[in-house]
Amino acid sequence: QVQLVESGGGSVQAGGSLRLSCAASEYTYSSYCMGWFRQAPGKERDWVASIHTRGGTTYYADSVKGRFTISQDNAKNTLFLQMDSLKPEDTAMYYCAAVVAVGAIYACPSSRASYYYWGSGTQVTVSS
């Protein structure tokens with residue numbers, strides 16, 4: 001069982017930056033896909049980025065590519081999302097998610113249904 005706790009959300013003006021953190025209770029298996037998702041009021045929960053904990057491969061949604069950076073500190077079981085050049089449309093609740101990674105290829109899914117463990121979210125608000 002992996003428990004995830006997000007932090008680092010807040011309010012920022014457009015063009016600003018925030019760094020989200022996700023602390024995982026433990027990594028029972030050798031490899032996980034860790035992801036960030038976001039959900040704006042009245043909208044679906046959308047995938048933002050993922051990282052393979054063993055291979056380090058990263059994946060980004062087109063809407064955040066070049067502005068957001070996903071990273072990890074495996075020694076501390078912590079996931080990060082550095083968000084730069086923030087836009088008002090980035091306003092949402094941001095969720096950390098995890099799933100055990102299987103297979104020899106360091107690939108991670110982008111679908112919400114593929115992730116099993118979820119945090120409770122941290123709010124990001126970007127004003128214009």
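In what follows, every heavy atom counts, from backbone to side chain, and hydrogens, waters and symmetry copies are set aside. Numbers here simply count residues along the sequence, with the first being 1.
- Cluster membership for V5 and L20, using ILVMFWY side-chain heavy atoms within less than 4.5 angstrom, is not shared.
- The environment of Q3 atom CD is sparse: at most 12 non-hydrogen atoms of other residues, nucleotides or ligands sit within 6.0 angstrom.
- Heavy-atom neighbours of Q82 CD from other residues, nucleotides or ligands within 6.0 Å: above the threshold of 12.
- Of all the heavy atoms in V124 and L18, the pair that sits closest is CG1-CD1, 3.8 Å.
- The OH atom of Y117 lies 13.5 Å from the SG atom of C22; values are rounded to the nearest 0.5 Å.
- With values rounded to the nearest 0.5 angstrom, T125 atom OG1 is found 9.0 Å from M93 atom CE.
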List the steps and the verdict of side chain to side chain contact (heavy atoms under 4.5 Å, CB included) for Q72 and Y32. CA-CA 11 Å; Q72 60 181 346; Y32 288 83; over 6 Å; no

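- Although no hydrogens or angles enter the test, the distance criterion places a donor-acceptor pair under 3.5 Å between the side chain of T91 and the main chain of V126.
- Going from atom OG of S21 over to atom CG of L81 covers 9.5 Å, rounded to the nearest 0.5 Å.
- Screening R112, Q39, R38 against Y95 for a side-chain contact (heavy atoms from CB on, under 4.5 Å) leaves a single residue, Q39.
- E6 places no side-chain N or O within donor-acceptor distance of the main-chain N or O of T122, the cut-off being under 3.5 Å.
- A pairwise comparison of heavy atoms in S17 and S85 identifies OG-N, 4.4 Å as the closest pair.
- Pairing each heavy atom of A92 with each of Q123, the nearest pair is O-NE2, 3.4 Å.
- Counting heavy atoms from C-beta on, the side chains of S128 and P88 come closer than 4.5 Å.
- Surrounding CD of E26 are more than 12 heavy atoms belonging to other residues, nucleotides or ligands, all under 6.0 Å away.
- Between R45 and W118 there is a side-chain heavy-atom pair separated by less than 4.5 Å.
- Closest of all the heavy-atom pairs between S114 and V99 is O-CG2, 3.2 Å.
- Using a 4.0 Å cut-off between charged nitrogen and carboxylate oxygen, K87 and D90 do not count as a salt-bridge pair.
- Heavy atoms only, all atoms of each residue included: L79 and C96 are closest at CD2-SG, 3.8 Å.
- Counting heavy atoms from C-beta outward, S11 and S127 have side chains that stay 4.5 Å or more apart.
- Within 6.0 Å of CZ in R54 there are 12 or fewer heavy atoms belonging to other residues, nucleotides or ligands.
- Ring-plane geometry between H52 and Y106 is classed as tilted, the angle between the planes lying from 30 to 60 degrees on a 0 to 90 degree scale.
- Separating the CG atom in L4 from the OG1 atom in T78 is a distance of 10.5 Å, to the nearest 0.5 Å.
- Distance CH2/W47 to SG/C108: 9.5 Å, rounded to 0.5 Å.
- Below 30°, between 30° and 60°, or above 60°: for Y115 and F37 the angle between ring planes is above 60°, a perpendicular geometry.
- Cluster annotation: F80 and F68 are assigned to distinct hydrophobic clusters (Ile/Leu/Val/Met/Phe/Trp/Tyr, side-chain heavy-atom contacts under 4.5 Å, transitive).
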